[in-house]
Amino acid sequence: MARRCWLVKSEPGTFSFDDLLAEPERTTAWDGVRNYQARNFMRDEMRVGDQVLFYHSNASPPGVVGLAEVASEPYPDPTQFEPDAPGYDPKSSRETPRWQLVDVRAVRTLPRMVTLERIKAHPELRHMEVARRGSRLSISPVDPAHLEIVLALGEAAC
DNA sequence: GCCAACGTTGGC
DNA sequence: GCCAACGTTGGC
């Protein structure tokens with residue numbers, strides 16, 4: 001099966017790529033996603049080993065800062081059952097959980113972050129979901145060729 | 001902090 | 001099923 005590539009957004013003030021590196025096994029459950037399209041990607045299409053671009057949103061500047069990978073099969077997001085969690089969903093039940101997630105593991109920090117500005121200025125990368133005006137999707141599929149370009153741009157001498 | 005874009009909710 | 005109101009995202 002062809003390898004799939006993804007981009008996930010995170011606000012560095014909430015959870016940065018350095019925070020991910022600091023986790024045990026450099027891995028965390030990608031919890032709190034409450035958007036059906038993003039959930040469907042995790043539940044139906046992500047596979048262990050898929051490459052993931054880690055994007056800092058609401059940052060200055062915003063951009064891709066690291067490479068990660070999918071590190072688990074999908075499973076129910078435990079925070080949907082926790083009344084005190086921001087992602088608590090009273091309409092979900094343990095019998096038929098509404099929200100699924102995967103684990104994400106850090107692979108490496110990019111020597112040079114690839115800013116949204118550079119992505120938008122690139123003749124091919126400008127077609128990425130994250131470059132779309134008004135794009136709010138927190139998990140999006142990435143063309144493998146685009147991922148390779150982003151990684152190349154993220155090398156120090158480029 | 002502003003505000004455009006977008007998703008969700010709920011009245012009808 | 002429509003759509004206005006509302007809340008959130010996220011660039012700037």
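Chain letters run A, B, ... following the sequence lines, proteins first and then strands; every chain starts at 1. Fair warning: this is a prediction, and the values are worked out from it, not measured in the lab.
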By nearest-heavy-atom nucleotide on DNA chain B, the more 5' of A/Arg34 and A/Arg133 is A/Arg133
Round to a whole Å and report the spacing from NZ of A/Lys120 to P of C/dG11.
-> 8 Å
Side chain to side chain contact (heavy atoms under 4.5 Å, CB included) against A/Ser92, all qualifying residues, sequence neighbours excluded | A/Gln80, A/Phe81, A/Asp89, A/Pro97, A/Arg98
Under the salt bridge (charged side-chain N to carboxylate O under 4.0 Å, His left out) rule, collect the residues that match up with A/Glu73, sequence neighbours excluded.
-> none
Side chain to side chain donor-acceptor pair (under 3.5 Å) involving A/Ser60 - partner list, sequence neighbours excluded | none
Could you list all the ring-ring contact (aromatic ring centres under 6.0 Å, His included) pairs where at least one residue sits in residues 21-41 of chain A, not counting sequence neighbours?
-> A/Trp6-A/Phe41, A/Trp30-A/Phe54, A/Tyr36-A/Trp99
Gap between atoms CD1 and C1', on A/Ile119 and C/dG11 respectively (whole Å) = 13 Å
In B/S/- notation, 5' to 3', how is nucleotides 4-10 of chain C contacted by protein heavy atoms closer than 4.0 Å?
-> ---BBSB
Please identify each residue that fulfils side chain to side chain donor-acceptor pair (under 3.5 Å) with A/Gln37, with sequence neighbours left out.
-> none
